[in-house]
Each structure stands twice: as structure tokens, then as C-alpha cells.
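Okay, so here's the structure we're looking at.
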Amino acid sequence: MIEIQGVSKSYHGDVKAVDNIDLSIDAGRIFGFLGPNGAGKTTTIKMITGILSPDSGDIVLNGKSIIKDPFAAKSCFGLVPDDPNIFPRLRGVEYLRFLGDVYKVPSDIRAERIKKLASRLALTDALGDRIQSYSHGMRQKLMIIGALIHDPDIWILDEPMTGLDPQSSYELKTMMREHADAGNTVFFSTHVLEVAERICDELAIIDRGHIRFSGTLAEMRELSRADDSLEAMFLRLVSEGSAASEEGQA
Amino acid sequence: MRQILRLTMVMLRGSGFAVFGSDAKKKKKLGSLGSLLLFTFLFLYMGGLMAASSMGLFRMLEPFSLTVLIPQLYLSAAAVMTFVFGAVYAISIFYYSSDVIRLLPLPLRSGEIISAKLLVTVVYIEMIIMAFLLPSLTVYGVMSNAAWYYYLLMVICLLLLPLIPLCAASIIVILLMRLTPFARNKDRFNTISSLLLLVGTFGMVSFIQSMAGRGGGEFAEWIEAGTDSLTSVTSSVFPGVAQASRLLAYGSGAFNLIDLLLLILFAVIAWLLVLLVGRAFYFQGVVSVGMSGGRKRRLNDRELDAAGKSGSLFWTMVVKDVRLLIRTPIFLMNNVIMNFLWPVFLLMPLLTQGSFTETLSELRKATAQISVDSDFVITIIMMIVFAFSAFVAGTNGIAASALSREGKLLYVMKMIPVSYNKQLLAKVTVGVLMALAGALVAIIAATIMLQPPLWLILLAVAVLPGACALPSAAGIIFDLLWPKLNWDNEQKAVKQNLNVLYGMLAALVMIAICVLPAYLLSGFWPLAFVVLVVLPWLLSAALYILLRSISGRQMGAIEA
Ligand SMILES: Nc1ncnc2c1ncn2[C@@H]1O[C@H](COP(=O)(O)OP(=O)(O)O)[C@@H](O)[C@H]1O
Ligand SMILES: [Mg+2]
């Protein structure tokens, strides 16, 4: 469960990257966070994970505020960052071992989990190599394993499909489904509509820091003509938003 | 030809060559002006030094009418230097500069790329050669009343002669990179080449020192023998050295046109050979060079299980940082190896003196006389041990660049459920451990050489931990206040990081604060000892409290 309450963030006191957003994401769901490039998706995820502190508002993860109780809140999520370039000079296993120790995962569970995840993503053979020798997709896979090593209640992914081959992309979607079905929260951002359409239970559309829509796919369809494609709806929501904000400025 | 020149300019600019950086941004202008001034100053300084040494050499050799040796000596030395530096430059310019991958798909002839690469290497080498040889050979010309054409010949020789060893080095490099997988590891290359350069510098310094220790007649003899053997080697390995030396040796006499033509011919042949070898081997070699490092190997099941073993959180963080330090060549050179080099630096002047063994046995005798009531001597020894190890800890810059080294990955520190204080303490610990290792090695070396009594060694060892902890605790506070996270190149995190400098200055202040009271108490060494052990820990504790009080706010404010 993620609750985002009245959160705003601007960089260098300049334009607001995220402007007073409210979102509530329930457990057991896959929540898609949709928006064009530069909409504020990564900024929001960085605030959820404690990497950035919001200018105002609060974010509560499973009842623990990331601002007031960061230690407890940070223990309950796993993050797949948008840039998978991490510690190029560590070997894959060394990175996973580091995370395992950080999240205090008991040895036996950890070894089992690493083996299972690595074989599902076909990364087992590369785990002994330095991360710098990995391709983009392999690094992405390592990030996925790292995020799941402590079987987190909340799984957060920032543009996770980028650079994955179809096989792994399919495997990842299955894993997201399984994780949500086990009663966990899955929150991912994407700018690719088809991905969202395929796997989300709920979604929100963010554009220039504002939430344009939040709800289920069905609710979104109701909002407009029933047979509209998601793409058409998305484009309309975003362009309406920009018209509105231009009016607001005028 | 135009194409080659244009390519060369592009490559030079891409490699961060300040002089050619015409498209530098406005903000950087001041910085590049500063570096240009520094560059010019160094250039003039080196030139002045070389001119002076050449003058001295001329005066010394004149009475023995051996001055003709001077061009020979310089040109031979230049050939060797060009070969060594040329190999290092050729690897990094031909293989490890990122422009190659972007040039390959462009419609360029292979010969053009190779020639442009070679020209870039020539520019770098000529900078060094000109700085060293132009002043010294000019001085030689003036002092031997050379005719006007001597200076023309000098410039021609300095432009052409380096080409020959440089091309030889390039050819060897191209073959090596094509044929041996060993050479293709960029990290390994960086480490080995910087170690080689370090050793080379050491060698040169001690060579000059040992040269300075000789008298006139003996010196001339020695120079003659040395030059002869050096020249016979270089001129047989690098054609052209003999010709160039002859051209310049008799500055005022007639010169041999054949020698000049031969020199030009050799240079042209060398260039063509590079093109030939390059066409055959360069392009296959360059595409197989990747950032890839470390051996590839599959983990077996047991190793995978072991990887799953859990360890203590604190040590996991320490181990991670140590791994990154050791495996990143720039960190390895600047932050790790330096811990162990200080004793060598300090011993260098001792070792190069001819009377080393006598000095050592005298020192040993003096050490043997130390007894438990030599309060003053014991205090001084402990003060030296303290100052030395605190200096090592202050200069290794590990704590002072702990956050900067994370760079864009600092977000990991903010994301994981580990308190900032614990993470920062782990980072300080890394700096302390490295400094401790360096200081211990120094103490072991001193023990072997001076054979002090056991109790004295134990006293010294007891002083170490506090001495290493204090500068590290101070260093990390600077890096927490002003971390330098926006870098694209590891060099900037440690070499161009002011926090490291602040850390060193702080270490000097800390040394003074702890050593002074100890000195005042030198009348009774146990008191001085207590001060040297307890005071640094008290100060470290104070710094740690300061660290704790600012860590939350500072880490929160970092928006990487
Ligand atoms: N470090 C930063 N400094 C200044 N502006 C930033 C920074 N990061 C992001 N922004 C700005 O904030 C806005 C949202 O960016 P981001 O959250 O990365 O978008 P998204 O992930 O949706 O593509 C963009 O306009 C971007 O330019
Ligand atoms: Mg993004």
C-alpha cells in the first residue's frame, strides 16, 4: 500500500516537476504510472523511495512515513531504478550479496531466491562476471533480482521494460503479476501505453507534474467513448491538460 | 591530407586537449585559462631546468673535450623516452579513446583514421620532447658557437627522430592488441601504465641524485661510458639516432647531407609501416576492446550458495567500498597504493646515497641504546610514528572522497534501509583500515632495518589506530558538506576534489594539535604516550558527534 498525500517537488526552486499530487495504491494490485517523457514519473519514484525529499506533503508505505520513519519505510520496498548502471566493477553475485546483507535476508532463503530468479531471467551464467561486462538488458535483469531479493511488500519499477528482450519482458510481466497476486503492491512507471494496457489493474496518468487521471482501465474507458483506444484517450487527456495549464497561465 | 588534419583536430579536441578546445563553454573559460597558465608555467619551468642542466653538463665536459657527447646523450635518451611514453600513449589513443567506435561507421579510409591517430600521438609526444630537448639543445648550440643551420637541423631532428621509436611502439602495440587478449583489459592497462610511469619517475629521480654525487673527472668518464653504451643500443634498435646525433654533434662544422636524407627516409618508412600493420591488424583489434573487465567464468552451484551467505551489515559495506577502491584503477593508484608508497618516498634519499649501509648501522647502534628512561627519544619516536601515520591517513583521501566517489550512485545510500551514520562510519573505517595497513608496513620495514626493542614497537603500534582515525573522521566531514557527485570520469572524484585537499590540511592541523602537548610532556614519556593515544580518540569522538549531528540534514539535502 502506497499513499501519496499532497506531494510537490521542484528542482532548484524552479518549475514544479511534481505539483500537489495525491495517489493511493492498494496492495494486491499492479499500478501503472503513465506519462510522457519529463512528466515527473522518476521524480515521484525518487520521492517514494526516499532518494528525494518532497517540498511538501507526505508519502506513506505500508503505514510508515518515508519522511518520519525512513528506516522502516525503506525496508518494505524494492526498487528497479531507471538507470541500471550500478557498481560496474562489482560482480553480479557481489552486488546481490551486498543487497542481501543490507536487507538482512537469511542465507538459505537468499541462495534459493537468487538461483530461482536468475534462472527465470536467464542470468545465472553471468552472475560471476563484472557488471561492466553486462549488456543493458542484463543489468536491468540484475536490478530486478536485486529488488526482489528480500521479497518486498512493495515493488517499484521505473521504466522496467526498456532494453529487455521479448522473452524477459514477458517473464517480468509474469513476475509482476505473481507478486501482486501474492498480496503485494506493484508500482511501475512507463511511457509505453501497450505495456500499461496489458498488465495494469489500475493506472494514473501524469503530465507536467499533474495527475490527469487515476482509476481503473474500465473507469477510464467510461470517461470517454467506450471503444476509444487507450492511446487516443491518453493523447486527449494530455492535450486537454496542456490547454488547461496554458489557460491558467494566461 | 586535409581530411587527416581535420580528423586529427577532432580527436585532439575530443581527448580534452585544452589548447585546441576552441568550443569550450563560457563558464569553463576561466578554468581553461588557469590550466593554460599552469601548463605554460610548467613548460617554462621544465625548459629552464633542462637548459640549466645542459649548461652544467657542457661546462663539466668541456675540459675533457667531450661536449660532442651531449646531443648523442640527449637524442638517445629521447628515443628511449619516446618509445616508452609512445607505447602508453598509443594504447590509450589508438584503443581506449571513445572516438574510435564513432569513427568506424563514417565513410573514412582506414589509412586516414590510422594516420590521424598517429598524428595525435605525435602531438602528445612532441610536447614532451620539445619541453625537454628544445631548451637543452639550443643551449648546446649557443655554447658551442654553432652555425645558423644547426638550429634548423635541430628542429628537423626533433620533429623527425621521435617518429621512429614512436612508430615502432605503435606497431608493437597494434600487434599486441590484436594478438593477446591480456592487453585488452582497460582497467588493467590503466593500472599497469600508471605504475610504470611512477616507477619511471622514481628511477629518473634517483638516477639524477646518484649523478649529482659524483665529481668532475670521474663524472666525465662515467658519462662517456654511459653515453656510448646507450647510443650503441638505441642506434641499433632505432635507425636514425646515429644520423641525428651526427647531424647535431658538430654544430659549427659541415654536416652530412646523406645523414639528413637517411633520417627523412627512415621516418617515412616508419610511418608507412604503421599504415601497413595498422590496415592489417588495427581495426580487428580495436573492435574487440571493450569496457569488459575481469575474467568470465560460470559460477558453480556451491559458489552460488556461498554468494547467498549472509554477513554482518557493517562489514559488507566496508568490503564493498574496499572492492571498488581496489578495482578502479584511478582509486587504486590515488587512494590505495599511495598508503604504501610514502615509506619508499621517504627512504629514497637514504637509499640512493652511497653510504647507506654505514648510515643504517649507525642508526641501529643509536636504536640499541634506547632504554626505558630515554624519555625524550621515546617521545620523539612516538611523535614521528603518530605524525607519519596521521599523514598517510590524511593524504590517502579515502574518507575525504567517500561520498564523491559514489557519484551518481549516491542514491543507493539514500534508498537502502541503513542509517546514514552507520554508512558513513563504514566509509570512515575503510580509510582508517587502508592507512593502518600502510603504517603497519612502514613499521615492519623500520623494525627490520633498525631492530628496535619489542616494547618500543608495541608502543608505536598502540599509537597507530588513533592517528589513522582522526584525519579520516575529519576528511569525511568535508565530503559530507560539499560532495562532488556530478562527474563523468572517476578522476574528478579523487584528483580534482577539493575535499581531499581540505582533508590533508585538516590532517596537518590535527597532527600539530596532538603532537605539541606530547612534546611538552616529553620529560616523562608515559604521559606523552597517553596523550598521543587518548587525545586523537577524544577528538575523533568529537568529530563523530559533529558528523552525526549534520549527517541527516546533509544527506537529505543531496539531490543526486
Ligand atoms: N536533477 C534535476 N534537476 C533539474 N530538473 C530536473 C532534474 N530531474 C528532473 N528534472 C525535471 O523534472 C521534470 C520531471 O522529470 P522526471 O521526473 O525525470 O520525468 P519522467 O521520469 O517522467 O520522464 C522534467 O521537466 C525534468 O527536466
Ligand atoms: Mg523517468
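Each chain gets a letter, A, B and so on, in the order the sequences are listed, and its residues count up from 1.
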Check B:Lys414 against A:Ile51 and note the closest heavy-atom contact, atom names and distance.
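Shortest heavy-atom contact: NZ-O, 2.7 Å.
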Heavy-atom pair of closest approach, residues B:Ile416 and A:Lys74:
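Heavy atoms of B:Ile416 and A:Lys74 come nearest at O-CD, 3.5 Å.
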With a 4.5 angstrom heavy-atom cut-off, which part of [X] approaches chain A: side chain, backbone, both or neither?
| X | result |
| --- | --- |
| B:Phe314 | neither |
| B:Val319 | neither |
| B:Ser419 | backbone |

Report, by ascending residue number, the residues of residues 58-68 of chain A in heavy-atom contact with chain B at a distance under 4.5 Å; give 'none' if the set is empty.
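Residues in range: none.
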Output all residues satisfying salt bridge (Lys or Arg N to Asp or Glu O under 4.0 Å) with A:Asp82, sequence neighbours left out; order by chain, then residue number.
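Expected list: none.
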When rounded to the nearest 0.5 angstrom, what is the spacing between [atom1] in [X] and [atom2] in [Y]?
| X | Y | atom1 | atom2 | result |
| --- | --- | --- | --- | --- |
| B:Asp321 | A:Phe87 | CG | CZ | 8.0 Å |
| A:Ile86 | B:Leu409 | CD1 | CG | 6.0 Å |
| A:Lys46 | B:Glu559 | NZ | CD | 9.0 Å |
| A:Asp101 | B:Lys320 | CG | NZ | 12.5 Å |

Can you say whether A:Tyr11 sits under 4.5 Å from chain B via the side chain, the backbone, both, or neither, judging by heavy atoms?
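When you check distances to chain B, only side chain atoms of A:Tyr11 fall under 4.5 Å.
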Do [X] and [Y] have side chains that approach each other closer than 4.5 Å (heavy atoms only, starting at C-beta)?
| X | Y | value |
| --- | --- | --- |
| B:Arg327 | A:Gln132 | no |
| B:Arg323 | A:Arg91 | no |
| A:Val102 | B:Pro417 | yes |

For chain B, find which of A:Asp83, A:Thr49, A:Leu90 contributes the most heavy-atom pairs closer than 4.5 angstrom.
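Among the listed options, the one with the most contacts to chain B is A:Leu90.
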Residues that A:Thr185 engages under side chain to side chain donor-acceptor pair (under 3.5 Å), provided they are two or more places apart
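A:Thr185: no side chain to side chain donor-acceptor pair (under 3.5 Å) contacts found.
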Name every donor-acceptor pair, under 3.5 Å, that has one atom in a side chain of residues 548-558 of chain B and the other anywhere in the protein, sequence neighbours excluded.
{"from": "B:Arg548", "atom 1": "NH1", "to": "B:Tyr544", "atom 2": "OH", "distance (Å)": "3.2"}
{"from": "B:Ser549", "atom 1": "OG", "to": "B:Leu546", "atom 2": "O", "distance (Å)": "2.7"}
{"from": "B:Ser551", "atom 1": "OG", "to": "B:Asn421", "atom 2": "OD1", "distance (Å)": "2.7"}
{"from": "B:Ser551", "atom 1": "OG", "to": "B:Arg548", "atom 2": "O", "distance (Å)": "3.3"}
{"from": "B:Gln554", "atom 1": "NE2", "to": "B:Leu480", "atom 2": "O", "distance (Å)": "3.2"}

